[in-house]
Amino acid sequence: MNKPDLQNPSPAFRWQGRDEQGRPVQGRLNALDAGLARAQLRRQGVQYVRLQRLWWELPLQVRPRELSLMTRQLAALLRAGVPLLQALDMLTRSLPLGALVEIVQAVQNDVASGMALHEALTRHPTHFTGLYTSMVQAGESAGILDSMMERLAHTLEKNEGLRSRLRSALMYPSAVLGVATAVLVLILVFVVPVFEDVFKSFGADLPWATQMVVALSNGLSASGPLVMAGLVLGIWFWQRPQAAQAKFKTMKDRWLLKLPLLGPLIGTAVVARWAQTLSALLAAGVPLAEALGPVSQACDHAIFERVTLQLQRQVAQGSRLSESMVQSGRFPSMIVQLCATGEETGALDNLLARAGGLMETELDDRVNGLSSLLEPLIIVVLGGLIGGILVAMYLPIFRLGQVF
């Protein structure tokens, strides 16, 4: 049975075959040897099996957009009255080949063996977060899995929309800065040394601006091996256990929140996603203390994840959510006031949804303002840097012309 997300020491096999109806099926599984893998597939009704040992198994990658689309399709099938097992089978045939198909096939096999859907999803924690499994479990418990899957798909789509808007706001300045940095490095490493050889033949003192550019070029050329060593060390550090990665992510997220223009933008996006996710879980009937756990995962931000877990502990001890949010100092006063009103009126899910919508509007305004501000700022800064380097390089030539 497929378990691509489990830490299983058994060898991995990719298999192809035909089911009991003669239709082609494929996937991957873990088994001690090929014989046990074939026996396991025969018990699942797979015939004419072809196995291939995976000596180097890369982790399965599923994009959030693919997951939200799959959730929307599953919700539509369930809403149409298709049984769950048959709906999962139809999904595996309609989805394009890739990692998601293998994961859905693994979930289908687990459900076919008698496992509940949310239990089958928890076998793949890399792809199905606590938010996903909590809402599915609530839908199964209440017998409204179809409507709950629709609500889950809507939540995933809104969260992905927030990430997309944030990425689009940062894509243009990041691309421009990356290209400009590459051009500056090429000028300093390859062009300036040519001018430096010419300047040495003059036998005269260089202007201070030219001396600074030459020193910067020499320093950059000398530090090239150190930069390469730093990149290798960074890659090695990234491959370390998850504890080291979590520490690095915490440092990075804390630093990003402190940036003058980018920090408020990221904070607004994370708080909007936090409010929408918590609203969806509360509307699904998940208790507040339990809902905050999946919300911390859905934040996708180390600082807010830690803050949300602290809120969960305080709420479980009897504190009010709004009071704990004030103590954290990470939430705007508007959303804190709406949470306080929701706790008093019993409409916390509706007010959180409204707060999420207001934060989305604020995010759009910030993105538009940041885009209109960054474009001329980047042009002025980069033009000044490149123009300054060129002027510094030609100053000695101008002085030489004045002498003659």
Side-chain angles (χ1 to χ4, degrees), residues 1-8 27-30 57-78 84-85 87-92 94-96 98-142 144-163 242 246 273-274 276-286 290-301 305 308-309:
M1 178 175 309
N2 302 359
K3 300 178 183 179
D5 289 297
L6 299 180
Q7 300 296 326
N8 196 331
R28 71 174 67 187
L29 55 78
N30 294 90
E57 185 179 12
L58 295 176
L60 299 178
Q61 298 292 333
V62 177
R63 294 180 296 179
R65 188 180 301 274
E66 295 176 342
L67 184 60
S68 61
L69 179 60
M70 183 273 292
T71 306
R72 177 66 67 184
Q73 292 176 348
L74 180 58
L77 291 172
L78 295 176
L84 175 60
L85 197 57
L88 292 173
D89 181 66
M90 295 173 66
L91 272 182
T92 59
S94 62
L95 292 173
L100 186 58
V101 174
E102 298 185 15
I103 294 170
V104 174
Q105 285 178 339
V107 172
Q108 179 188 358
N109 292 334
D110 291 336
V111 173
S113 65
M115 190 177 297
L117 178 60
H118 73 275
E119 295 177 350
L121 296 176
T122 55
R123 287 175 169 262
H124 312 277
T126 304
H127 309 290
F128 301 103
T129 62
L131 164 68
Y132 205 106
T133 55
S134 297
M135 293 191 68
V136 170
Q137 183 178 8
E140 288 181 311
S141 301
I144 52 172
L145 183 59
D146 51 351
S147 60
M148 197 59 63
M149 294 300 295
E150 288 184 351
R151 184 175 297 172
L152 176 59
H154 180 69
T155 303
L156 294 177
E157 290 166 356
K158 290 183 74 67
N159 289 347
E160 179 59 22
L162 288 170
R163 294 190 188 95
Q242 286 192 353
R273 189 160 60 244
W274 184 92
Q276 291 172 352
T277 304
L278 183 56
S279 172
L281 286 169
L282 294 178
V286 181
E290 297 179 12
L292 288 171
V295 170
S296 66
Q297 300 177 16
C299 286
D300 195 22
H301 194 279
E305 179 179 355
T308 305
L309 292 177

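For Arg151, there are no salt bridge (charged side-chain N to carboxylate O under 4.0 Å, His left out) partners at least two apart in sequence or on another chain. Checked against salt bridge (charged side-chain N to carboxylate O under 4.0 Å, His left out), Glu160 has the following partners two or more places apart in sequence or in another chain: Arg163, Arg167. Arg65 pairs by the side-chain hydrogen bond (donor to acceptor under 3.5 Å, both in side chains) definition with nothing, not counting sequence neighbours.
Between the CG atom in Leu121 and the NE2 atom in His127 there is a gap of 11.5 Å [rounded to 0.5 Å]. Of the inter-residue distances, the one linking Asn109 atom CG with Arg123 atom CZ reads 10.5 Å to the nearest 0.5 angstrom. Interatomic distance, Leu117 CG to Met149 CE, rounded to the nearest 0.5 Å: 6.5 Å. Atom CE in Met148 sits 13.5 Å away from atom OG1 in Thr71 (nearest 0.5 Å). The OG1 atom of Thr129 sits 8.0 Å away from the CG atom of Leu67 when rounded to the nearest 0.5 Å. If you take CD on Gln73 and CG on Leu78, they are separated by 12.0 Å, rounding to the nearest 0.5 Å.
Met70 is listed as a side-chain neighbour of Leu91, based on a closest heavy-atom distance under 4.5 Å. You'll find the side chain of His154 reaches within 4.5 Å of the side chain of Lys158, heavy atoms only. Leu74 is listed as a side-chain neighbour of Leu88, based on a closest heavy-atom distance under 4.5 Å. Residues Val136 and Leu145 have side chains in contact (heavy-atom distance under 4.5 Å, counting atoms from C-beta outward). The side-chain heavy atoms of Leu278 and Leu292, taken from C-beta on, include a pair separated by under 4.5 Å. You'll find the side chain of Asn159 reaches within 4.5 Å of the side chain of Gln276, heavy atoms only.
Under a 3.5 Å cut-off, the side chain of Glu140 and the backbone N or O of His118 do form a donor-acceptor pair.
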- request: Go through Leu85 and Asp89 one step at a time and tell me if the side-chain contact (heavy atoms from CB on, under 4.5 Å) criterion holds.
  value: CA-CA 6 Å; Leu85 197 57; Asp89 181 66; over 6 Å; no
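Across all their heavy atoms, Leu282 and Val286 have their closest contact at CD2-O, 3.5 Å. Between Arg273 and Leu162, the shortest heavy-atom contact is N-CD1, 3.6 Å. Smallest separation of non-hydrogen atoms from Glu157 and Ser68: CG-CB, 4.1 Å. Taking every heavy atom of both residues into account, Pro294 and Ser134 meet most closely at CG-OG, 3.2 Å. Contact record, Asp146 with Ala75: O-CB, 4.1 Å, taken as the closest heavy-atom pair. Minimum interatomic distance between Tyr132 and Leu156 (heavy atoms only, all atoms of both residues): CE1-CD1, 3.7 Å.
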